[in-house]
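Here's a structure for you.
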Amino acid sequence: MSTTDQPASDLAPDLASESVTQPAFATVWWDGVWHRNAGFVQLLGLCPMLAVTTTLAYGIGLGIATTLVLVLSNLFVSLTRPITASFVRIPVYVLLIATLVSMIDIALHAYLFELHRVLGLFVPLIVTNCAIIARAEAFASRHSPPRAVVDGLAHGLGFTVVLACLGFLRELIGAGTVFSAMHTLFGSAAESWTITLHDGFLLMLLPPGAFLTLGGLLALRNAFTGRGAR
């Protein structure tokens, strides 16, 4: 039976009802960047977040790759929702995400080989990032393509900011440098960007340092928002 023969309840949720609330773009944006930040609030994608953030460059690199997957997967999920039956939607989402991740992994291998060599396994593992499948299921499958793109961009940018903050602090305290390894993103011209400030504190480059840095940033955010007082 073709999807056009399916009852409305079997299709994507918004097909059965056109009354799904379409939030304002500003609301979608600030939810992704701040209020529901995948790294600071939902604590999703912790494995790659803690593993690759030994430098600012690596954090930004993985953040950009994750953002591209989020934006494109949200767009395609939103575009295909009229023809996607509800009982196969998750396999379809995973197939879409896996295809996009493979394309980005190949592009990194071709054009940013040194960065690809460092990020290694964590680029393919974007497929299993809970933040991406969660946005596809919770938002993109229920909203219009423009809002789905904004949602993906906002959540990707928010996640990238968390990765960049972790990478900057761990590199600064752990290695005593800033802007090292930028040539993996910007080419040989960036090899001279490294600034050395001190000898470094190795613990911050190890897994305990990742948890300590993330805990400190979470405490700082909670203090700023007053969340800990409630």
Side-chain angles (χ1 to χ4, degrees), residues 3 6 8-46 48-49 59-60 62-86 88-90 92-97 99-101 103-104 126-166 214 217-230:
T3 55
Q6 297 285 345
S9 58
D10 283 347
L11 300 179
D14 54 330
L15 289 181
S17 172
E18 293 295 338
S19 62
V20 174
T21 303
Q22 298 291 322
F25 283 105
T27 301
V28 175
W29 177 259
W30 286 113
D31 276 352
V33 171
W34 184 251
H35 300 300
R36 298 180 183 175
N37 185 289
F40 278 155
V41 179
Q42 301 182 67
L43 297 180
L44 298 176
L46 283 180
M49 184 195 305
I60 293 175
L62 185 65
I64 292 174
T66 305
T67 301
L68 286 173
V69 175
L70 262 169
V71 171
L72 293 175
S73 63
N74 266 18
L75 174 62
F76 287 120
V77 166
S78 183
L79 287 173
T80 58
R81 62 197 169 104
I83 58 172
T84 304
S86 61
V88 295
R89 68 185 188 282
I90 298 299
V92 170
Y93 300 164
V94 173
L95 181 61
L96 275 171
I97 294 167
T99 302
L100 294 168
V101 169
M103 294 171 62
I104 290 172
I126 292 175
V127 176
T128 63
N129 191 320
C130 299
I132 295 175
I133 193 69
R135 297 323 300 164
E137 168 66 7
F139 193 91
S141 65
R142 303 164 190 269
H143 296 88
S144 61
R147 284 179 172 78
V149 169
V150 172
D151 179 76
L153 183 61
H155 278 81
L157 179 62
F159 190 64
T160 302
V161 169
V162 177
L163 290 170
C165 289
L166 279 172
L214 179 61
L217 289 173
L218 288 175
L220 186 64
R221 185 189 186 281
N222 288 343
F224 180 76
T225 60
R227 185 176 180 180
R230 292 196 294 269

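Nothing here was measured: the structure is a model prediction, and the numbers come from that model.
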Do D151 and H143 come close enough that some side-chain heavy atom pair is under 4.5 Å?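 The answer is no, as the side chains (C-beta and beyond) never meet within the 4.5 Å cut-off.
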Any heavy-atom pair between the side chains of L79 and P145 that's under 4.5 Å?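 When only atoms from C-beta onward are counted, L79 and P145 do touch, with a gap below 4.5 Å.
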Counting only heavy atoms not in R147, do more than 12 sit closer than 6.0 Å to its CZ atom?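 Above 12, so yes.
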Just so I know, are the side chains of I132 and V101 near enough to count as touching, which here means a heavy-atom distance under 4.5 Å?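 No, their side chains stay 4.5 Å or more apart.
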How far does CG of L100 sit from CD1 of I126, to the nearest 0.5 angstrom?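 One gets 10.5 Å once the value is rounded to the nearest 0.5 Å.
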Student check: side-chain heavy atoms of V161 and N37 closer than 4.5 Å: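 No, every pair of side-chain atoms sits at 4.5 Å or beyond.
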Of all the heavy-atom pairs spanning V162 and M49, show the shortest one and how long it is.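 The answer is CG1-SD, 3.8 Å.
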Enter the distance from R36:CZ to L44:CG here, rounded to the nearest 0.5 Å.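 The CG atom of L44 is 12.5 Å from CZ of R36, to the nearest 0.5 Å.
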If you measure from CZ on R89 to OG on S141, what distance do you get to the nearest 0.5 Å?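 Going from CZ on R89 over to OG on S141, the span is 7.0 Å.
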Minimum heavy-atom separation for L46 to L43, with atom names?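 Distance-wise, the nearest heavy atoms are CG-O, 3.5 Å.
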What pair of heavy atoms forms the shortest contact from N74 to G152, and how long is it?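 Smallest interatomic distance, heavy atoms only, reads ND2-N, 3.2 Å.
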What heavy-atom pair brings I60 and A164 nearest, and what distance separates the two atoms?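 For I60 and A164, the tightest heavy-atom pair comes out as CG1-CB, 4.1 Å.
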How about I90 and E137: do any of their side-chain heavy atoms sit closer than 4.5 Å?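 Yes, side chains in contact.
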Can you tell me how far the CG atom of L220 sits from the CZ atom of F40, to the nearest 0.5 Å?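 These two atoms lie 8.0 Å from each other.
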Please find the pair of heavy atoms, one from T99 and one from L95, that lie closest to each other, and give the distance.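 Answer, listing the atom of T99 first, then L95: OG1-O, 2.8 Å.
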With a 4.5 Å cut-off on side-chain heavy atoms, are R221 and W34 touching?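 SC-SC contact between W34 and R221 confirmed.
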For P23 versus V28, what's the shortest heavy-atom pair and its separation?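 Smallest interatomic distance, heavy atoms only, reads CG-CG2, 3.6 Å.
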Within a strict 4.5 Å, meaning less than it, do heavy atoms of the L70 and F159 side chains meet?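 A side-chain contact is absent here, since even the closest heavy-atom pair is not under 4.5 Å.
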Within this structure, what is the CG-OG1 distance for the pair L157 and T66, rounded to the nearest 0.5 Å?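 L157 CG to T66 OG1: 12.0 Å, rounded to 0.5 Å.
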Would you mind reporting whether W29 and L153 have side-chain heavy atoms less than 4.5 Å apart?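 With C-beta onward as the side chain, the pair touches.
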To the nearest 0.5 Å, what is the distance between CG on L72 and CD1 on I97?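 The distance works out to 11.0 Å.
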